[in-house]
Every structure is written in structure tokens, then in C-alpha cells.
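The structure appears right after this line, and notes come after that.
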Amino acid sequence: MSSRTATPDTEAKAPARRSRVLGTAGRNTGLVLALVLLCVVGVVTAGDRFANVDNVMTILRLASVIGVLSIGMTFVITAGGIDLSIGAVMGLASVWATTIATQTMATDTHWSLMVFVALAVGLVAGLVNGVLVAYGKVVAFIATLAMMAAARGLAEMISNRQTQRVRVNEFLDAFRGDLLGVPVLVWVFLVVAAAGWVLLNRTTFGRRTVAVGGNPEASRLAGINIRRHTVLVYGLAGLTAGIGAVMMLVRTTAGTSTHGQLYELDAIAAVVVGGTLLAGGRGTIVGTVLGVLIFTTLTNVFTQNNLSTSAQAVAKGVIIVVAVLLQQRLAARSRSST
Amino acid sequence: MSSRTATPDTEAKAPARRSRVLGTAGRNTGLVLALVLLCVVGVVTAGDRFANVDNVMTILRLASVIGVLSIGMTFVITAGGIDLSIGAVMGLASVWATTIATQTMATDTHWSLMVFVALAVGLVAGLVNGVLVAYGKVVAFIATLAMMAAARGLAEMISNRQTQRVRVNEFLDAFRGDLLGVPVLVWVFLVVAAAGWVLLNRTTFGRRTVAVGGNPEASRLAGINIRRHTVLVYGLAGLTAGIGAVMMLVRTTAGTSTHGQLYELDAIAAVVVGGTLLAGGRGTIVGTVLGVLIFTTLTNVFTQNNLSTSAQAVAKGVIIVVAVLLQQRLAARSRSST
Amino acid sequence: MVNADPDKPGEPPAFLSMRGIVKTFPGARALDGVDLDVRAGEVHCLLGQNGAGKSTLIKVLAGVHQPDAGEITMDGEPVALPTPVSALRAGIATMYQELDVVDGLTVAENVFLGHELASAGLTRRGELHRRTRETLTRLGHAEIPPGREVGRLSAAGKQIVSMARALSRGARVIVMDEPSAVLDSEEVDNLFRVVHELTASGVAVIYISHRLEEIRRIGDRITVLKDGRTVATALPAAQTPTAELIRLMTGRSVENVFPDRSDVAPDAAPVLEVDSLSLAGVFDSVTLAVRPGEVVGIAGLVGSGRSEILETIFGARRATSGTVRVDGRALRAGSVGAAVAAGVGLCPEERKSQGLLLEEPVYRNITLSTFARTARAGLLDEQAERAEARAQIDGLGVRPADPDRVTRTLSGGNQQKILLGRWLVHGCKVLLLDEPTRGVDVGARAEIYALVRRLTAQGAAVLVVSSEIDEVLGLADRVVVVADGRVVHTGPAADIDEHRVLDLVMEGSAA
Amino acid sequence: TSNEEPPATTAPAASAPAPAAGGNDEPGDKIVIGFSGPAADHGWLGAINKAAIAEAEKYSDVELKVSEGTNDANLQISHVETFINDKVDAIVLLPTDGAALTDVAIKAMEAGIPVVNVDREFSSTFAARVTVLGDNYGMGVSAGTYICERLGGQSDAVVAEIAGIDSLPLTQDRSRGFEDALKGCGLSVSNRVAADFTIQGGESATAQLLSAAPKIDAIWNHDDDQGVGVLAAIETAGRDEFFMVGGAGSKNVMDLIKSGDSVVEATVIYPSTQAADGIKLARLVAQGRSMGDLVETSVPRKIQLYAPVVTKDNVDEFIGSAFES
Ligand SMILES: Nc1ncnc2c1ncn2[C@@H]1O[C@H](COP(=O)(O)OP(=O)(O)OP(=O)(O)O)[C@@H](O)[C@H]1O
Ligand SMILES: Nc1ncnc2c1ncn2[C@@H]1O[C@H](COP(=O)(O)OP(=O)(O)OP(=O)(O)O)[C@@H](O)[C@H]1O
Ligand SMILES: [Mg+2]
Ligand SMILES: [Mg+2]
């Protein structure tokens, strides 16, 4: 009320800006803190084995596949949905891109055909999810659960449950190796994350995603075609599953129906721990990236310390909860201080 | 408004009653139809092998464990939550109840000690979930995901990843066998389902569950302690996981950390296909039971027809979607006709 | 502070009093030292602009919010109200401003939510239904079946359930936060009858409303809040002049609530033509037209299908038959996108659930239907958006004038202005307003009326639905009366009065 | 018809087998055999299923019912119950968990249906007529012994282990055997990770393992399916200072052993033809025959398969029967 006396454009906007920046930082302090803490634990327990460039690259490479999927998942969750199928879709895309037919054609034409097939399969599966959710009005949880079962089954049928080796070496060569000392796969993750950030925060697509997730009815009555948008969002998630499949092919040099098992849960956990609202209407790409890094670093620290899988599971459960609690407390404090 | 002229007491009641019955039936017609259809397919493809008492009992026995878990899940989902941990908690309870210490004590005292341990473990795990969700304000999805990891890991640590035989024969004898031609395990399922129905529809606890899931703020304003209620609801789900563990022990005569894998997804699918709103605020036990029966019958028909798992998965995905779509259309029609 | 009767001898002393209540929210000081005295058996009215702190005050009283400072006493004893339960135990029942019913439960279950009738945990359904029916009968709504799911009731029905709940608590004080907002005049009469019964039996009622004429009819004494402070208390409801109340509330005087009608060329071609539009089971064969510069009002009872008519015109519902034309071109049925593109805008009935992204900043709500237009190649231009939003905020007098404020924290009237602002930015030819002043204070109300007229002066066509018949008659050029989903009368607003409208409605409904 | 004689091994792709002495392959009474195994979600289990089906198809007197695939003991029990309901003549069961399926197997036996237990042993001798066992402990011993021989005397050698699904008893058995064998030559496992029998699991576990252990002398990888991922990770890390021993014996790994230009030096066979043998035995038991090569008039109770180490020297002997992962 008091700001009315001041020049509206300078005075009123500035604090808003500042509180926004603070807000963003505040929102992520908990995550950054958790990550730093993890690194400290890593350094203390594993010393140089943890804190060296190779190990950092190992962590980043490991984070890259699940990271790409998590970016897609961030959009779906922000739009108020959920996608349990991305892991299975990734498996399906990896299998489809490595069938003898595809690989033969890729050898005859160009390796990028394999990439195209993987992306197309992912995209189409995602669009089908979207159509089921938006037009069929099937709850997202169920629609994508069904897609998960179907995609996994289809992948098994296509591959006859055999591992399909990638034989197109040009394809592998294109993605292996480093660029400026950083693995190409990590670059892919960075590019996808950056594109995701721009898309979510700076484009009409992102604005619609937030709107649809925040209040679908209000968005509809404001003239947004929420059904079409929902289809697109799931399509986007499918596309990231396709990209993930390509990355997985590079990483494992093989396509198989078991690729991506449980990746959907990991991705959802990373997204939600990152601060995206599971109920929709608020999403953060930075948070998601931090969430992914936390989980991968965690696994790395565990491995460095030779922890058994059982102990890892228990510790993971506890750490997830602690991270979320910490995050909430800090976010609440940063909110009340602005 | 025009009905205002009519005698309020008589006129208003009759159509309401009728529409309720119709409504309930209408809500479940799709499910019943799907079940009947499945049975028809079973009879046509497998003939007597499908349509005989032994096979029906096989289906029911299979349905009973997941059925009990689904009843607990119905409450959690109705209250607006979700529980991804019940499968793992069931595994943990089965392991805890079959440790050498427990079994020795049970031999020395009474077999019911094993039952008690399983139920107590389930209940406590559920209560922990509830506290995390209600008081820690951790999103249910994440809190129970963490519990899933932790419970599974703990179960592995306790059992040292070995399968633990049940050696207390009195325990097994108490639950094996039949009662009036129906296996005891199926009776347990029936009793739990009936109790669940009464609890949800005819008690304060159940009505508050609906209220908390449908409009938590209104419930709070009406003086309901929604936090305590949330804790209780998750505790209930944990308890059903404990009961499920006992049943699993009887069925497999062994406790192991791998019991109950993916049961959480099966239970959620059954509950939601059954018509309980994933968003909370509306739940149906009858629907859940039908949902469970549909899934188990489906598996049975698949098995009778020697279908490969891959084909099963694809078919399952398609059938889930079709069932939900059918269900919606029929429910919509029954709504508009009343 | 104006205090009209400082405990005169002979008058009964206040049995409930709140002293120096302060409540701050992050970023907002909602209450800044409020005093309130309520006597047994009176109707104490609480007045104030949107955001004055009325709801916050009663939430403090209901144990929902904890005050930062201040004291509450009942019968001279200080009471602590840390939870809603403790307030209910102390005999304070509240009907909240936001509908507080649970859709998935039955009417009876909603009425007894939180104090269920049960023996050993099992609900006593017979008793539950019997007592609910009693309460509903008392409220004049015996036709609502106790077993009906509340989700199937209209907004008015839900309000009645909420009222029944407050009654069923057997409280000594019943707080009603804008209960009449979703009720039509007949329902309001019913409500007042019940309030009289209550006060006659010694129950105190705290009554909040923005409709001053209601205050006059029902109120005993008035307390006025402004910016979180008590500016006047114990004003006699019957005697205090309206102008005085408005001056106390707003700090200025508001004259001529309804602006003058502008002249519409009678031969002008209509912008909006609705031709025998039907929606199966709700309304049938609705035909109307709105010319540029004209305001057409739709009057009718709650539940007569007025909202559905607007929503169907807008394409939010797919018409069973009939056409909608804008500037002579037919709109694609069931497509909001087509309507918006053709320059039609709708301010929906339920601001919060249908209109706003409550967690988003104000400016994004204002530009919700135009951000794509300001964007370049899909990239948002937030500078331009803020500028557009700021223009609307200034033009409409949205308070606080901060485009980055989270929308949830704004008062109802300001939220309504944001919705209007959205369509102003869009620049629409046809504006559909559903209950545009529901829950909006007198000051803002006058501003909204003036705004509507400013729009029509610029050639816009406005179709407005309101449950307040005087609003329809005062604001509109022509009136369409609907009853039971059918148009029963169309004609100039000047030729008809409130009684005639009610008669038409009753005839239409009875038929 | 055990696995030890190469001519009798039943490779999935092999054409008609050489008829064994004693005329066991001659058609007998028509019988129905029920077969149920765990989820065939990875190569070795897939090969198990395929070999079993292929084996049954060779006999005109055998009708095979396959209840494929689950890792849920509860569901597999119901599969067996279905077989009992259908009154099949014999059941071949590869249980997802031996102990958990014991009870229902006993029920089948009591109903007069002979059960052939494959790979994971029941916890009661009454539960199976014949048991065909792989040797998980032996597998670990073979791998450990081989590594001991190769690293002879190097007491500070770093040995790493990449296990399969850690919660399975069979993984425990393998690890135990491995540890026991290493102990024999004064070595121990310095780094251990568990994958999950999948390629992605093998890849990510190995990537982490390699960065946790900067210098390694030998690795034993339990499973050649996940080995695809393990090798991919090794290649990405550009490491070759160690040698690796595989497990199960996939065609792919045998090819690598044969070519000799990778870190894989050897693999320990875990026969993927167990279920196929189970089918053969079930047929004999159901038809009341004896095993042709034995003097004994009944089929023996227990057959434990051998877990040989395949190296460059003997790879040609085994490559024909290796499974495609
Ligand atoms: N939970 C909250 N968080 C932050 N600010 C709030 C909150 N609730 C209310 N406010 C602020 O407190 C002030 C008083 O709000 P309140 O709802 O009491 O107004 P009111 O008088 O009831 O208005 P109306 O007539 O529109 O209902 C407003 O400025 C509002 O924005
Ligand atoms: N979701 C619904 N399900 C069933 N009937 C409904 C639903 N929504 C509205 N109706 C019915 O449609 C009719 C018109 O509803 P509505 O209350 O919107 O009319 P209205 O004239 O706009 O009144 P209001 O002033 O309450 O907005 C009523 O009979 C109402 O009960
Ligand atoms: Mg208010
Ligand atoms: Mg309306």
C-alpha cells in the first residue's frame, strides 16, 4: 500500500525482483547444502578416490541418462501429471533402435537413423500416453502404468528377450569420447537441461505447463487448449525417454528390454526432491538437476565405501527423508525472511 | 426448486435411495462387466480347466494376499495419500516374523506370537509413514518411496538375504486348509474386505477418511485432527501389509526380503481401476475387490492359455486402459440417467 | 474510533469480546488491533472493504489462526482458542467464506462432520438422517435428502449444508462469513428467518456481508473494520445512514452506485447472437442478442442454469443444439479457444477454482490469455507482460498494486478485478460476467460497475449474470429472465422491477 | 543325459539329438508336462525357457504347458496350483525361491504328480522326485580357484566382484564360494558391487566400481548378461590392467574369450540347459522309464551339474552350447 507513493516502476519492482532471486536461491539452499554435505562425506571417507576428475566424470556420466529423463518428468509433474512409463519406453526405444532391420538400414544410410528411430519411438509412446490422459481421461498414474507394462512387453517381443548389440560403430563413435574434457553424454545432459530450463521458464509452452498444472479449469477458461498441451507434455517426456535410450545405447553398446527398469521411480524421486510440486503448478529444472546429482553422488559415495546394497537402501531411504525435511525448513525460512 | 411444494419427507427420500443403489451399481457395472467378459474368455479358451471349483479357488487364493493389501491401500488413497511401501513392508514383516529368535519364542510360547510380530512390524512401519506425511509434511509419494527402500534394505539385513523357513508347524496348520470348502486365506481376505467396507462406510473413522481426502481444510475446520487421522490411515495400511505378510508366510512357508515386490503397484492399480479416486475423497471397497479379482482372473486366463509374459504384459496394459475407459463411459451414463 | 454505545447502563453487557487482536501474515498485517463486542441474542454485523480483515478476525475467533497479540473473553473469562475444536467446544460455530463442505460425503455426514453421531465408532445412520432432516426442515429445505452426496448439490445447496452444520453444533455464537453470497433473494429470506429464530433463543450471530441492505434488515449493531483496525463499533444498524457506513469503510464517499446507462443505437447489429441454444437437461432453446455498447443482464433463481448458459456460449460446455454467433460468424461449438479468438471473455462464477492460478503472481494471472500474443517466437516477453499488468492494476485500482504479489494473498474483490483485467488486456468484444460482484465490497463494486460501463462506452457487449436482482436491474440495459432453464421474459431493464422479476421466475418455475 | 557329454547336450538351436542308447527317445505314453520358471527377463533365464520348450517339441508324446515368468512366489504358487488342478503328468519347476515353492511342490507330489526341481533347491526332500541342480557355490569356487591360479602368490592383489541381484540366495551362494576359494590362496575380495542381472545395472555398478578402485588385478562378474554392461563401462573407463572372469557362459563372452582381445579371459559355465534336462527327466519319470545310460531301473533323485571354467584353451568345446544373451 505504501509503495503507491513511490515511482511505481523502480521501487515496487525492485524488491520483487530481489525476493525472486532470493526465493530461488532459498528454494535450492537445502539441496545445495545436501550435495555439499555428501561431497564432504565422500572426501572424508574416500579421499582422493572421490575427489578426482575421473570420479566426478563417472558421477556425471551416471547422472546423465537419468538426468535427461528427469527433465522430461519435471514437465509432466509440473503439468499436474505423472509418467510411470518412461523407463519402459526407454527400453522399448533402445530395442527398436537396435533391431537388425534398423541397424542394417543405419549402416546403409547413416547412423543418425538409429537416433531418429529411438526418438520417434519415445515420442510416439509419450503422445499415446498424452492422448489417453487428455482425451481418454484415464488417470495419468493408470494410463502410464498400462503403458509401462505394454512397452516392456513389446520390447521383449521385438527383441525376443535377447540383448541386441550395437554394431554401427559410427553411431558409438559419435557419442562416446569427450568434448573439452567432458564426456559427450554429459554434454547431452547439459544441453537438455539448459533447453528444459529455457522451455519451462522462458517460453509460452512452459507458461502453459505451469498454468495447466496449477489450475486446469482456469487455464481452459482462459482459452488454453489444455488437452493438446497435455498431449504435448507427455510427448516431451517420451522424447526425453528416447534421448535417454540413445544415451543408454552408447553407454552399454546394447539395446535390451531391461533398459530403464525403475528409472521412472528414480526420476520422480529426483524431481520431487528437487522441489517440483507433485500436485503440479510449480516446477524447477535447477532443482531437478540438483536432485539427480544428489542421488548419483549418494550411490557413488556408497560404492566408494563398499557399502552393501542393503545398507545402501536403508541409508537412501533415510537420506531422502532428511533431504526433504531440510529443504522444507530452509525454504520456509527463506520465505518468511523476505 | 419446484419440488419445494411436495411433501419433503416422503418424496425426497425415495428417489435418493434408488439413485444411491443405482449409483453404486452403475459405478461398478463396468467392472462387473469386465470380470464377466474375462470369465467368458476363460471358459471359451480353457473350458473346464477354467470353470471348475479348484481353479476358482486358485484364483481366490492368489487374489487374497494382494486383496488384503489393496483394502489398506483403498483407505490411504481415499484419504488423499499413496503408499508405495506396502510391498516392502510386507517383505520386512515376513522376515521379522521368521527370524530364529521369533520362531524360537513362538515355539516356546504360542504360534500367534509370529502373527503378532508381523502385524506389529507392519503397523509400526505404517505409522512411521503416517508421521512423516502428517507431521513431517513429506509428500506421501516420497515418504513411502523412502520407506520402500529402507524396509527392503532392512529386511535384507535382518535375513542376511537368506530365505527363512517357517518351522512353527502349528502356525502353518492354523491357516492352511479349508473352512467350509473355502481356503482359510480366502476367508481372511473376505473378513478383511468386509471389515474394510464397514470401516469405510459405516464408521466415523471411514467417513473422516473420505473427508480428509476430499477436503482437508474443511475437515480441519470441522474440528477433525487431520494429522492424527492421516497417521492412523497409514498405520492401517501398514497393518494390512502385516496381515499380508502372515498370509504370504502361510502360502510360501518362508519369509524373505523379496516377498511383495511390486505389490504396491498392483494394489494401486486394483484400487484405482476399482473406482477409488486417486486424488482422494472417494473410495470404494467393492470396487477394489472387483479390481483385484479382475487382475487375478486376467493372470489366470493368461496362464491357462500359455501366453508368454511379454504378450501378457502388452495385453495387461491394453486391458487396463480398456477397463478404465469402459468403466468411465458406463459410470457417466448411469449418472446422467439418474 | 466511533463507538456509538459505550456500555450504557440498562443494556446487556457483551458476553463475547475481542480486544486488541493483531495478526500478521508473511508480508501482510491483516489485523492491527481489532476490538469486537458481541451480546447474547444480537445480530452483530461486521463490515469492511475487501481485505479489511473480517475473515481473518473470525478465523481467529474460530481457532483457525492464532493471534499475535490480543485477548478474547467469554462471560468475562479469558479463553484460549488454539484449535477449531476448542472454539467449537466454547460454543463458537462458524460458516466460512469458502465453501467448506466435503463433496464425497452425504448431506447428513457433512452436517455432523467432526461431531459424528456414533456408538462405538459405528455411525448411527437413522439418528443421523433424522436429525439432519430436522435441521434442514428448520432451514426451510426439507427437500434436500440427507443421503444425497453433497458433490451433486449446487453452490446454494452446499451453503445450506454448511449452515445446517453450524446449527447442528448448538453453539452460543454463530459466525456467518458472507453466507448470502451464493443465495438468491428467496434463500436469503429463509436465512433471515432462521437467524431471527436463533437470536430469539439467545444465540448471538456475527454476520458478515457486503450487501448493506441486508445489514439494515437483519442487523442490530455494526462494527466496521478498515485496514485491519476497528474504525467504528456498536453502530445501530437501523439508524446509521448508508453514506456514513460507506465513508467509514472506504474513507471516502461513493455516490451513484449504478452509473448512467449509455445510449445504444437500437438498430445496431448485435455482436453476440445466441440462437436456440440448448444443453440437455439444463437449459433449453435460449435465444438472446447483445449489441455493442449494451449490457444485458440475466436474472433468475439459483440453479436455473444461468451459469451454464454463459459457459455454453463461451464453449466451455458443448451445446446440445443451437448456435452462437459473434459479429455474424458462428463459433465452433464446445471450443473455448474459438470463443477467445473471436473476442469473447468469461469471468467465471467461482473465482478461485475456475478463474485464478492462486500460487502464481498477479501479473501472470492478468496475462493468462494473452501471454502467447506478447511472446515472440514462443519466447515470453515478461517485461511487456508486467507493463500490461501494471496498466490494469493501476486502471482497476487493484490493492496492493504489486504485479508480483502471489494471487492467493489478495482479497476477493481484488481477485475479481484481476479476472476483469485479464479480459481487458485481451481486449474483448463480448464479455460474459458470472456473478461479477460476489463477495466484492461496496467500493470495489461501484468501481466494477463503472468499469463495465467504460467498456460498453468503448463498444463492448456485456452479458451479466447476478443473483442480486437489483444489480441486474441497475446495471443492465435489457434483462433476460430465466426460470428452470427457459427464457421467460426479455425486455428493457427500465420497464421492470424486482417484484415483477420474482413473479416471472415463480411462474416459470411452477410451470 | 547329463551335461557332461557334449553330444548329449541340448543346444537350443541344435537339430535332432543323437539318440541315446536304451531307446529313451522312442515315443511312449502321451503325457502333459507343466513348466514354470522365474521371469525370463534376462538372457540366461530366457535361454532356460527356450531350451525347455525346444526340448519338449522334440518329443511327439510330450505336451508342454508353460506358465512363464514371475519373480513373485505367490503367483508362481498359483501357477503350480493350476497345473495340479489340470492334473498334468509331471511338473518341471525352476522356483523363484526354492523354500517358498516347497510347500506347493509337496502338494503336487501328494497329488501324484512327480515334480522335477531345477536349479534352486527345495527345502524338503519330499517336494521333488528329481532334482537337477546348478551349482552356484561351485561356480564361485571355480571362479575363485581360477583367479587364485592366475594371480598365484600375489598376496596384495586387488580382486573385485560384481554380483547379481544381491537379495537372491543364489547370489549369496556364489559369493560365498568365491570368497572361500580366494581364502585358499590368501586373497580376499577388496571391492564388491551388486548389479541386478541387467545390462544397465552392470554398466553403472562397474562404472562406480572402477572409480572406487584405481587399480585392480582381477574381476569376477557373476553374470554374462550384465557383462555386456560391465564391458561397456570398462571400455569407457579405458581400463585394461586386470583380467576378468565371467559367469553363466553366454555366446558373446565365449566369442570374446576366443578372440582374446578383451579383458575377459574366462567364464564359469552355469548350464542354461537345466530345464531342458528337467523336461527330459520328467518325461522319463512320468512314463515310468529308466535312464538309458544307467543300469539303475529308475531315474536318480538328484543330478548336480558341473560348473566348468571356460578359457581360450577349451572354448571350442563349449561355444556350441552357449546361450545367446
Ligand atoms: N493466509 C494468508 N497469508 C497472507 N496474507 C493473508 C492470508 N490471509 C489473509 N491475508 C491478508 O490479510 C488481509 C485480510 O484478509 P481477509 O481475508 O481477512 O479480508 P476480508 O475482510 O475477509 O476480505 P473479503 O471481504 O474480501 O473477504 C488481506 O490483505 C489478505 O491479503
Ligand atoms: N455437476 C453437476 N452435476 C449435476 N447437476 C449439476 C451440476 N452442476 C450444475 N448442475 C445443475 O444444473 C442446474 C443449474 O446450475 P447452476 O447452479 O450453475 O445454475 P445458476 O443459475 O448459475 O445458479 P448459481 O447462481 O448457483 O450459479 C442446477 O439444477 C444444478 O443442480
Ligand atoms: Mg473475507
Ligand atoms: Mg451460477
Side-chain angles (χ1 to χ4, degrees), chain B residues 1-21 23-24 27 78-80 198-227 229 276-277 279-284 335-338, chain C residues 59 62-64 83-89 94 96 98-106 109-110 112-118 120-123 125 129 133 136-137 140-152 162 165 169 186 280-281 301-304 483-484 505-506 509-511:
Chain B
M1 293 298 112
S2 50
S3 66
R4 229 183 254 180
T5 42
T7 340
D9 254 342
T10 52
E11 208 253 23
K13 208 161 67 187
R17 276 276 165 77
R18 206 179 52 228
S19 84
R20 273 214 128 195
V21 173
T24 315
R27 241 189 286 135
T78 304
V198 172
L199 192 60
L200 185 62
N201 295 296
R202 290 285 179 269
T203 70
T204 306
F205 180 87
R207 300 290 82 197
R208 287 185 173 190
T209 304
V210 175
V212 168
N215 192 340
E217 183 61 12
S219 308
R220 192 172 75 91
L221 297 179
I224 294 175
N225 188 334
I226 56 173
R227 289 184 177 177
H229 196 83
T276 294
L277 269 192
R282 196 158 292 174
T284 149
R335 215 179 304 127
S336 68
S337 73
T338 51
Chain C
K59 281 187 178 168
V64 178
T83 60
V85 186
S86 53
L88 288 165
R89 289 224 183 92
T94 309
Y96 295 93
E98 287 82 25
L99 287 176
D100 53 358
V101 292
V102 180
D103 282 351
L105 294 180
T106 64
E109 286 163 348
N110 262 289
F112 285 91
L113 186 65
H115 61 132
E116 294 83 357
L117 300 171
L122 287 174
T123 33
R125 280 155 58 93
H129 283 201
R133 210 170 297 122
L136 288 171
T137 311
H141 283 278
E143 87 286 355
I144 299 180
R148 166 77 43 97
E149 224 174 64
V150 163
R152 301 169 71 106
S162 171
R165 179 191 293 167
R169 290 280 185 173
E186 194 191 352
L301 289 181
V302 166
S304 52
D484 260 0
V505 163
M506 294 321 279
S509 305

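Letters A, B, ... mirror the listed sequences (proteins, then strands); counts begin at 1.
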Point to revise | Point-to-point distance, once rounded to the nearest 0.5 Å, from CG of C:Asn110 to CZ of B:Arg207 | key: 10.0 Å
Point to revise | C:Arg169, part contacting chain B, at a heavy-atom distance under 4.5 Å | key: side chain
Point to revise | Point-to-point distance, once rounded to the nearest 0.5 Å, from CG of C:Leu113 to OG1 of B:Thr204 | key: 10.0 Å
Exercise for review: Hey, could you give me the CZ/OG1 distance between B:Arg220 and C:Thr83, rounded to the nearest 0.5 Å?
Suggested key: 9.5 Å
Exercise for review: Counting only heavy atoms closer than 4.5 Å, note whether B:Val212 contacts chain C via side chain, backbone, both or neither.
Suggested key: neither
Check your understanding: Which atoms form the tightest heavy-atom contact between C:Val102 and B:Val210, and what is the distance?
Key -> CG1-O, 4.0 Å
Point to revise | Rounded distance (nearest 0.5 Å) linking atom OG1 of B:Thr203 with atom CD of C:Glu116 | key: 9.5 Å
Check your understanding: Taking only residues two or more places apart in sequence, or in another chain, which ones meet B:Thr78 in a side-chain hydrogen bond (donor to acceptor under 3.5 Å, both in side chains)?
Key -> none
Review point. Closest heavy-atom contact between C:Leu88 and B:Ala222?
Key: CD1-O, 3.7 Å
**Study point:** C:Leu122 side chain near B:Val198 side chain, heavy-atom distance below 4.5 Å
**Key:** yes
**Study point:** Minimum-distance pair of heavy atoms, taken over all atoms of B:Arg282 and C:Glu149
**Key:** NH2-OE1, 3.0 Å
Practice item. Might you point out which heavy atoms bring B:Leu221 and C:Val64 nearest each other, and give the distance in Å? Key: CD2-CG2, 3.2 Å
Exercise for review: Rounded to the nearest 0.5 Å, what's the gap from CD on B:Glu217 to OH on C:Tyr96? Could you check?
Suggested key: 8.5 Å
